[in-house]
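Sharing a structure, written as structure tokens. Questions coming.
Just the heavy atoms: all of them, side chains too, but no hydrogens, waters or symmetry mates, feed the values below. Keep in mind that what you see is a predicted model, and the values were worked out from it rather than measured. When a residue number appears, it is its place in the shown sequence, counting from 1.
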Amino acid sequence: MFSPWQLIIFLCVPLFLLSVVPPQEPKVTCRSNAYPKGFYCSWHLTHPTYIPTSFEVDVQYNQRSLDVQKDPVHKNRCHVQFPEVFSNNPYKVNVTAVNALGKASGTLSFEESSIVKPDPPERVTATPILSKPRRLEVSWHSPATWPDIDTFPLKYFLRYRPLIQERWQHVSIALY
């Protein structure tokens, strides 16, 4: 039998019950920050399953499966090379979450041009121009992830606002 102290301790220990569930549909997103080399897709479950869950990935293009490289660092990410550039054929990415209680699939279809999004510029600096006290010289470098700046030049959009004003002003800059 329990002593009164053991009974109090036993009753005060919280009881946590985790509800293990089969996976729900994974949310899939894809992006190309290194055009025209390839793109990456990532996915996540909107609700945890509380048991080990694995993922199967299939990428279709022109009715054939493409080679998918799982990311060695990010477990819910893969990399795919573009089989051709400037294509209007859609890609279809299917990610299936599998655990002991079941499986569920999430699908994303897209055209190549809709996922191309370069990383932001790097090493951005703003330096005062000594002879013009109300002006700055802004400089930057193209993102290192963008592989071919000469063939695929980037267009930059510079937005600025003096501290005393509420409205933003902008300049569009294309480097050719």
Side-chain angles (χ1 to χ4, degrees), residues 16-125 138-159 168 170-176:
F16 292 103
L17 293 176
L18 295 177
S19 175
V20 292
V21 293
Q24 293 184 358
E25 179 180 309
K27 179 163 176 35
V28 183
T29 58
C30 296
R31 178 177 172 223
S32 176
N33 64 342
Y35 190 80
K37 283 186 174 181
F39 61 94
Y40 66 88
C41 296
S42 55
W43 55 88
H44 69 276
L45 295 175
T46 55
H47 301 288
T49 62
Y50 300 108
I51 58 175
T53 301
S54 63
F55 297 93
E56 300 166 356
V57 182
D58 181 52
V59 179
Q60 295 281 322
Y61 174 77
N62 240 359
Q63 300 179 343
R64 65 182 173 103
S65 287
L66 298 179
D67 186 34
V68 175
Q69 301 293 321
K70 290 276 186 119
D71 192 297
V73 177
H74 305 282
K75 69 175 189 147
N76 290 3
R77 182 184 287 183
C78 69
H79 299 271
V80 180
Q81 288 187 344
F82 284 117
E84 58 183 284
V85 292
F86 303 122
S87 171
N88 291 327
N89 292 326
Y91 290 81
K92 183 177 180 183
V93 179
N94 184 63
V95 177
T96 303
V98 181
N99 70 20
L101 299 177
K103 61 183 176 178
S105 295
T107 302
L108 176 67
S109 294
F110 58 87
E111 288 186 9
E112 170 187 306
S113 61
S114 69
I115 65 163
V116 175
K117 183 179 178 191
D119 287 330
E122 298 173 352
R123 301 189 307 254
V124 178
T125 60
V138 180
S139 63
W140 62 88
H141 290 81
S142 297
T145 53
W146 198 250
D148 193 353
I149 197 71
D150 294 328
T151 306
F152 299 99
L154 297 175
K155 185 175 182 177
Y156 296 92
F157 186 79
L158 177 67
R159 204 170 76 136
W168 289 91
H170 64 270
V171 176
S172 189
I173 304 163
L175 304 175
Y176 297 103

- Message: When you compare the side chain of Thr125 with that of Val138, does any pair of heavy atoms fall below 4.5 Å?
- Response: no
- Query: Can you name the disulfide (SG to SG under 2.5 Å) partners of Cys78, sequence neighbours left out?
  - Reply: none
- Message: Less than 4.5 Å apart, side chain to side chain, heavy atoms only: is that true for Thr107 and Lys92?
- Response: yes
- Test salt bridge (Lys or Arg N to Asp or Glu O under 4.0 Å) applied to Asp119 - qualifying residues, sequence neighbours left out: Arg31
- Message: If you count every heavy atom of other residues, nucleotides or ligands that lies below 6.0 Å from Glu84 atom CD, does the total exceed 12?
- Response: yes
- Task: May I ask you to decide if Phe152's main-chain N or O and Trp146's side chain share a donor-acceptor pair within less than 3.5 Å?
- Result: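 Side chain of Trp146 to backbone of Phe152: a pair is present.
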- Message: Quick one: does any side-chain atom of Ser32 pair with a main-chain N or O of Ile115 as donor and acceptor, under 3.5 Å?
- Response: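 No.
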- Task: To the nearest 0.5 angstrom, please state how far the CZ atom of Phe55 sits from the CG atom of Asn76.
- Result: 4.5 Å
- Message: Suppose we screen for side chain to side chain donor-acceptor pair (under 3.5 Å). Which residues come up paired with Arg64, at least two apart in sequence or across chains?
- Response: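 Arg64 satisfies side chain to side chain donor-acceptor pair (under 3.5 Å) with no other residue.
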- From Thr29, Val28, Asp71, residue fulfilling side chain to side chain contact (heavy atoms under 4.5 Å, CB included) relative to Ser42: Thr29
- Query: Closest approach of Pro121 and Pro143, non-hydrogen atoms and distance?
  - Reply: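 The answer is CA-CD, 4.3 Å.
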- Item | From Arg159 atom CZ to Ser172 atom OG, the distance as rounded to the nearest 0.5 Å | 13.5 Å
- Measure the spacing between CG of Asp148 and CG of Asp150 and express it to the nearest 0.5 Å. 6.0 Å
- Message: Keeping Thr53 on the side-chain end and Ile51 on the backbone end, is there a donor-acceptor pair under 3.5 Å?
- Response: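 A pair under 3.5 Å: yes.
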- Message: How about NZ on Lys117, more than 12 heavy atoms from neighbouring residues, nucleotides or ligands closer than 6.0 Å, or not?
- Response: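 Count not over threshold, so no.
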- Query: Would you say Trp43 and Leu108 make side-chain contact, with heavy atoms under 4.5 Å?
  - Reply: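 Of all side-chain heavy-atom pairs linking Leu108 with Trp43, none is under 4.5 Å.
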- Message: I'd like to check Thr49 versus Pro22 (side-chain heavy atoms, cut-off strictly below 4.5 Å). Are they in contact?
- Response: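 Not in contact.
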- Task: Grab the two heavy atoms, one from Ala104 and one from Pro23, that are nearest each other, plus how far apart they are.
- Result: CB-O, 3.4 Å
- Message: For Gln69 and Val80: C-alpha separation, side-chain torsions, deciding distance, then whether side-chain contact (heavy atoms from CB on, under 4.5 Å) applies.
- Response: CA-CA 6 Å; Gln69 301 293 321; Val80 180; over 6 Å; no
- Heavy atoms of other groups near His141 NE2, more than 12 under 6.0 Å: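 Open.
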- Is there a donor-acceptor pair closer than 3.5 Å between any side-chain N or O of Asn99 and the backbone N or O of Gly102? yes
- Exactly one of Val68, Val57, Val93 clears side chain to side chain contact (heavy atoms under 4.5 Å, CB included) with Cys41, and that residue is Val93
- Query: For Gln60 and Tyr91, what are the C-alpha separation, side-chain angles and deciding distance, and is it a side-chain contact (heavy atoms from CB on, under 4.5 Å)?
  - Reply: CA-CA 6 Å; Gln60 295 281 322; Tyr91 290 81; over 6 Å; no
- Query: Between atom OH of Tyr40 and atom NE2 of His79, what is the distance when rounded to the nearest 0.5 Å?
  - Reply: 8.5 Å
- Less than 4.5 Å apart, any side-chain heavy atom of His170 and any of Leu158?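 Heavy-atom side-chain distance check fails, nothing below 4.5 Å.
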- Task: Answer yes or no: is there a side-chain heavy-atom contact under 4.5 Å between Asp58 and Ser65?
- Result: yes
- Query: Do Tyr61 and Pro90 have side-chain heavy atoms sitting under 4.5 Å apart?
  - Reply: no
- Task: Before giving the answer on side-chain contact (heavy atoms from CB on, under 4.5 Å), spell out for Val85 and Tyr35 the whole-Å C-alpha distance, their side-chain angles and the decisive distance to 0.1 Å.
- Result: CA-CA 9 Å; Val85 292; Tyr35 190 80; 3.5 Å; yes
- Task: Begin from the C-alpha positions of Val59 and Phe39 and carry the test side-chain contact (heavy atoms from CB on, under 4.5 Å) through to its verdict.
- Result: CA-CA 11 Å; Val59 179; Phe39 61 94; 4.1 Å; yes
- Has the side chain of Ser114 got a donor or acceptor atom that lies under 3.5 Å from a matching backbone atom of Glu111?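 Confirmed, Ser114 side chain pairs with Glu111 backbone.
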- So, the side chain of Glu122 versus the backbone of Ala144: is there a donor-acceptor pair under 3.5 Å, distance only? yes
